[in-house]
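What follows is a single structure, written as structure tokens, with notes after it.
Note that this is a predicted model, so its numbers are computed, not measured.
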Amino acid sequence: MPEQEQDQGQKQGALRRIFQLIPGILLCGVVTVISLGVQAAEERVFDHPYIEALVVAILLGMAVRTAWEPSARWRSGIAFSAKQLLEVAVMLLGASISFAAIVASGGLLIGAIAVTVVIMLAVSYGLSRMLGLKTKLAILIACGNSICGNSAIAAVAPVIEADGDDIASSISFTAILGVLMVLGLPLLIPLLKLTATQYGILAGLTVYAVPQVLAATVPAGIVSTQIGTLVKLVRVLMLGPIVIGLSLLVARRRKAGAAREGTSKAASISPFKLVPWFIIGFLVLAALRSFQLVPDIAIAPVTKTAAILTVVSMAALGLGVDVRVLSTVGGRVTAAVTLSLMLLLALSIGLVHFFK
């Protein structure tokens with residue numbers, strides 16, 4: 001009888017926690033629907049979304065947070081959306097990755113892209129730290145600038161346990177410069193006398209988001225669009241090794257800290273916690289996709305679900321951001337992102353002239 005009462009109590013407690021999440025999740029859902037509507041309107045007017053829904057979501061969430069501070073009733077669902085739903089979104093992205101197209105693009109180009117990403121990770125992180133930014137914020141800026149902008153920031157954030165203010169700061173300023181890149185990059189075609197292939201490589205290396213790569217390369221023709229998309233895909237795939245490396249580094253530091261506090265606590269850290277569950281799920285889905293064990297018909301729904309969950313998470317992050325915190329780091333973050341982007345552009349221009 002006591003065991004039945006205990007089970008009943010556990011079930012009631014679980015249901016209570018679920019119901020506590022609903023208000024916050026619904027609020028994030030409302031912000032998400034509005035943000036997706038804004039992106040859809042952009043696509044109808046401009047053919048491509050210059051400002052993605054996830055950027056709109058975080059900015060709209062910040063605007064709501066500025067006008068109204070959510071009470072305890074809303075906070076648990078907002079926190080759940082910002083962390084757990086984001087982790088699920090990162091895992092689902094693995095189903096859209098196939099390694100076959102990457103291998104087919106050629107070893108030299110793949111190597112050049114990988115080297116560019118690694119160099120820019122180190123340079124961006126070093127610049128951010130020199131400007132006095134916190135370690136986690138510097139990592140987010142480095143990954144966003146070097147790999148794939150907002151998506152990289154969203155994927156890395158839960159691994160390094162970054163807070164909402166750092167995520168919002170890095171995404172906001174990266175998003176602004178990403179739009180400026182889309183608008184300004186085509187001007188370099190006549191200035192640098194770039195071929196369609198060279199410009200495609202340049203766009204793939206420097207523009208942050210895949211939709212923005214399309215927007216930046218369409219004016220240059222189909223060849224630039226195809227090359228730019230391929231280069232961008234290789235660049236995005238660098239996210240997997242980087243996230244795994246960061247997760248191992250974080251786990252090692254956590255274990256070292258536990259060892260300093262006491263051997264019993266250090267021993268309690270399981271080896272299975274070295275890599276977050278959602279990263280393992282990402283790699284499993286990517287492997288299944290590469291071996292064609294994921295049906296093609298399932299790719300679009302899974303990718304769409306991941307995209308929507310990411311927007312929901314960004315809405316939650318915006319709802320948890322204190323704008324006053326952003327104002328204290330705005331100048332330094334802007335300088336870090338801008339300088340990093342300029343160096344990435346210079347390095348990429350040198351690379352495209354190599355690929356004649």
Check your understanding: Got a sec: does the CG of L191 have more than 12 other heavy atoms crowding it under 6.0 Å?
Key -> yes
Check your understanding: If you group Ile, Leu, Val, Met, Phe, Trp and Tyr by side-chain heavy-atom gaps below 4.5 Å, do L351 and V234 land in one group?
Key -> yes
Check your understanding: Counting distance only, does the side-chain N/O of S124 pair as donor-acceptor with the main-chain N or O of A142 below 3.5 Å?
Key -> no
Check your understanding: Is L309 reachable from L319 through a run of hydrophobic residues whose side-chain heavy atoms are each under 4.5 Å from the next?
Key -> no
Point to revise | Side chain to side chain, L344 and S146, heavy atoms closer than 4.5 Å | key: no
Review point. What distance do E43 atom CD and L36 atom CG have between them, rounded to the nearest 0.5 Å?
Key: 9.5 Å
Review point. Do S224 and T217 meet the criterion of a side-chain donor-acceptor pair at a distance under 3.5 Å?
Key: no
Review point. Is any side-chain heavy atom of L92 closer than 4.5 Å to a side-chain heavy atom of T303?
Key: no
Check your understanding: What's the verdict on side-chain contact (heavy atoms from CB on, under 4.5 Å) for S170 and D166, showing C-alpha distance, side-chain angles and the deciding distance?
Key -> CA-CA 6 Å; S170 53; D166 288 345; 5.8 Å; no
Practice item. State the CG-CG distance between N145 and L343, to the nearest 0.5 angstrom. Key: 8.5 Å
Practice item. Output the distance between atom SG (C28) and atom CE (M314), rounded to the nearest 0.5 Å. Key: 10.5 Å
Check your understanding: Are any of the side-chain heavy atoms of K136 and E161 separated by less than 4.5 Å?
Key -> yes
Review point. How about R129 and L133: do any of their side-chain heavy atoms sit closer than 4.5 Å?
Key: no
Check your understanding: Are any non-hydrogen side-chain atoms of W74 and L21 less than 4.5 angstrom apart?
Key -> no
Check your understanding: Is a side-chain donor or acceptor of R235 paired with a backbone partner of G204 at a separation under 3.5 angstrom?
Key -> yes
Check your understanding: V56 versus Q39: any side-chain heavy-atom pair under 4.5 Å?
Key -> no
**Study point:** Spacing of I299 atom CD1 and R289 atom CZ [to the nearest 0.5 Å]
**Key:** 4.0 Å
**Study point:** Verdict with reasoning, M120 to Y125, per side-chain contact (heavy atoms from CB on, under 4.5 Å)
**Key:** CA-CA 8 Å; M120 288 311 305; Y125 177 79; over 6 Å; no
**Study point:** Side chain proximity check, C143 to L246, heavy atoms < 4.5 angstrom
**Key:** yes
Exercise for review: Say whether, by atom type as modelled, one donor and one acceptor occur between the side chain of S76 and the main chain of Q20 under 3.5 angstrom.
Suggested key: yes
Practice item. Over all heavy atoms of both residues, which pair between S340 and A336 is shortest? Give the atoms and the distance, please. Key: OG-O, 2.7 Å
Practice item. Drop me the distance from R332's CZ to L127's CG, to the nearest 0.5 angstrom. Key: 14.5 Å
Revision key, fill the gap. Correct closest heavy-atom pair for A95 and V302 would be CB-CG1, 3.8 Å
Exercise for review: Evaluate the side-chain contact (heavy atoms from CB on, under 4.5 Å) criterion for residues L345 and L185: first the C-alpha distance (whole Å), next the side-chain angles of each, then the deciding distance (0.1 Å), finally the verdict.
Suggested key: CA-CA 10 Å; L345 185 59; L185 199 64; 3.9 Å; yes
**Study point:** Beyond-backbone contact of P70 with R65, side-chain heavy atoms, under 4.5 angstrom
**Key:** yes
Point to revise | NE2 on H353 to CG on L194, rounded to 0.5 Å | key: 5.5 Å
Practice item. For side-chain contact (heavy atoms from CB on, under 4.5 Å), just list the numbers for K83 and L317, CA-CA rounded to whole Å, side-chain angles, deciding distance to a tenth of an Å, and then say yes or no. Key: CA-CA 9 Å; K83 180 172 171 38; L317 291 174; over 6 Å; no
Point to revise | Shared hydrophobic cluster for L85 and V31 (ILVMFWY, side-chain gaps under 4.5 Å) | key: no
